[in-house]
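Notes follow once the structure below has been shown.
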Number of protein chains: 2
Amino acid sequence: MIPERQSVSESVATRLSVYLRCLTLLESEEVRHVSSETLAQRFDLNSAQIRKDLAIFGEFGVRGVGYEVDTLKRHLLGLLGLDRTRRVAIVGAGHLGTALADYGGFHSGEFEIAALFDVDPGKIGTRTRTGVRVYDVSELPGVVESQGIEIGVITVPGEAAAEVAERCFGAGLKAILNFAPVRLNVPPGVRLKNVDLKINLETLSFYIAK
Amino acid sequence: MIPERQSVSESVATRLSVYLRCLTLLESEEVRHVSSETLAQRFDLNSAQIRKDLAIFGEFGVRGVGYEVDTLKRHLLGLLGLDRTRRVAIVGAGHLGTALADYGGFHSGEFEIAALFDVDPGKIGTRTRTGVRVYDVSELPGVVESQGIEIGVITVPGEAAAEVAERCFGAGLKAILNFAPVRLNVPPGVRLKNVDLKINLETLSFYIAK
DNA sequence: CCGTGTGAAGCTGTTCACAGCT
DNA sequence: AGCTGTGAACAGCTTCACACGG
C-alpha cells in the first residue's frame, strides 16, 4: 500500500513540501478545514493532483467534507520526516556556506545547521554570526556521528566537490544538497539534489534571448 | 522550424546549459570532435536525447562524423543568449545576496553582477569585497536602465519578496531568479525560476525518512 | 448532496530504431 | 561504414470524470 520512498517521484516529494507550506499558512490564518478544490484555487494547484498525491500515503480526508488542516499538516510533517529536527552539515565555509549556515529560513525547528567544515586553518575553530562552529573536514565522520547529522550541503568550489562528496558518503550522510557546479556520482542509498546557480541563470537567459 | 522560446520545455533549456558545460570541458581537453554517443557515455546522458534537443534548433552535426566541439559550443552560446554578457541585479544585500554577488562561479564573462539593491541605509552606498555597489531599491528602474540589466535575483526575506518582485517587473526585468520561499505571480513575458532551499531540504528529508 | 479517492484518458517527455546523408 | 536527424513506441506524469462513502 504505502510505497517505497525511492519509488515516489521527485515531483510528488517536492509537492508534499509545497502542500506543507500552504497548510502552515492556512493554519496561521486559523483556517480549520480545507477542500482540495479550495487549496488548488488559493495556491494555483490542481485539485485532482493534490488528492492523488495525498492518497499515495493514506486516506487523510473525509469524503463530502475535505481535509482538516491541523491533521493533514501533521501527516505531511511525518511523511517528510520532519516530526523531529534533522541536523545538517555544511561543507565549505566560504561566503555561500556561511550565508546558508546563518540563513533564517531554516530556523523553524525542522532543520538545524549543526556544523560547518572547511580545510582553511584560518577558519577552523571560528564560529559564524549565529554561532555555527567551523571544523576541519577531517573531523567530518566524528562530528556527523556524535551530533547525529544526516544531511550534507556542499558549498565548496567545483574542483573540490567530488572529493568532499566522497567524504560525506564515508561519514554516513544519506542526503546531499550540492551547490558545486559538477555532477556527482552517488552510491546507492544516498539521495542527491543539485542546485546549480549558473545553470539556473543560463536557463533564464535562454528565454530572454533573441 | 525554430520554435518560440516559450514553447521549449524547461528540461530542454536546462540540458542545453548542461551540454554547454560538457563542451567547455572537452574544449579545455582540446577534443575537437565528439559524437552524441561519446558525449552521452562520458557525461551520463542519453545520446538520442542530445540529438533530439539539438535538432530542435538546427542541424549542427555532420552525419557519419559527429559534432565539432568548437562550432557546437558557439551555437549553444548563441541559443542561450550568452554570446554577449548578460547583466544581473541582486535585490537583497543580506548574507545570501552578497555571497551570490561575490560568487566566483558567475565570473566567466557570461554574467556580470552589475548591482545590489537594499532598503537598509547602512548598506546603501557600500560595496562588496569584489566591488559590487549597493543601491537603494528605489533606484532600481534607473540603474536597470542605465546599466542594461536584464536579470533579477531576489534574495530578500519572504515577506518582502512580492513587493520586490513587482519593482523588478516595473523596472523592466524580464527574468527573475527567486530565492525567497514564496510563490510569485509574474506578468506575461517574464520568466521566473525558484530556488527554494527549504523545499530542497524537505524533499531530501522525505527520502531519508522512515 | 459534497468532496474524496481512483480508474481511465490525455499529454508530455524520453528512448528506441532506422532511414538518410556524408 | 558511421552517426545524425527523426518518426514511432514507450513511459511517466497530469488531468478528467465519476463511483463511493460520509
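Quick note on labels: first sequence line is chain A, next is B, and so on, each numbered from 1.
Looking only at atom types and distance, the side chain of S35(B) has a donor-acceptor partner in the side chain of T38(B) under 3.5 Å away. Side-chain contact, S47(A) with E37(A): a donor N or O sits under 3.5 Å from an acceptor N or O.
Within 3.5 Å, a donor on the side chain of K52(A) pairs with an acceptor on the base of dT15(D), or the reverse. Residue R63(A) places no side-chain atom within donor-acceptor reach of the base of dC2(C), judged by atom type and a 3.5 Å distance cut-off alone.
Atom P of nucleotide dC16(C) and atom CZ of R51(B) are separated by 11 Å, given to the nearest angstrom. Atom-to-atom, CD of Q49(A) to P of dT6(C) comes out at 16 Å; the value is rounded to the nearest Å. To the nearest angstrom, P of dT14(D) lies 4 Å from CZ of R15(A). Rounding to whole angstrom units, CG of residue L54(B) and C1' of dT4(D) are separated by 10 Å. The separation between L72(A) atom CG and dG5(C) atom P is 10 Å, rounded to whole Å. When the P atom of dA17(D) is taken as reference, atom CG of N46(A) falls 12 Å away, rounded to whole Å. Going from atom CZ of F57(A) over to atom C1' of dT6(C) covers 16 Å, rounded to whole Å. The nearest whole Å value for the distance from the CG atom in L45(B) to the C1' atom in dG13(C) is 16 Å.
Checking dT6(C), dG5(D), dT4(D) against the side-chain heavy atoms of A55(B) singles out dG5(D) as nearest.
The pair E10(A)-R191(A) counts as a salt bridge, with a side-chain nitrogen and a carboxylate oxygen less than 4.0 angstrom apart. Taking the charged nitrogens against the carboxylate oxygens, R84(A) and E110(A) have no contact shorter than 4.0 Å, which rules out a salt bridge. Checked for salt-bridge contact, E27(B) and R32(B) miss the test: no charged N lies under 4.0 Å from a carboxylate O.
Each of F60(A) and G64(A) was assigned the nucleotide of DNA chain C with the nearest heavy atom; the assignment lying further toward the 5' end belongs to G64(A).
Of the side-chain N and O atoms in S36(B), none sit less than 4.0 angstrom from OP1 or OP2 of dC3(D). Not one side-chain nitrogen or oxygen of Y67(B) sits closer than 4.0 Å to the OP1 or OP2 atom of dG2(D).
Contacts of S9(A) with the nucleic acid, taken as non-hydrogen atoms under 4.0 Å apart, involve only primed sugar atoms and P, OP1 or OP2.
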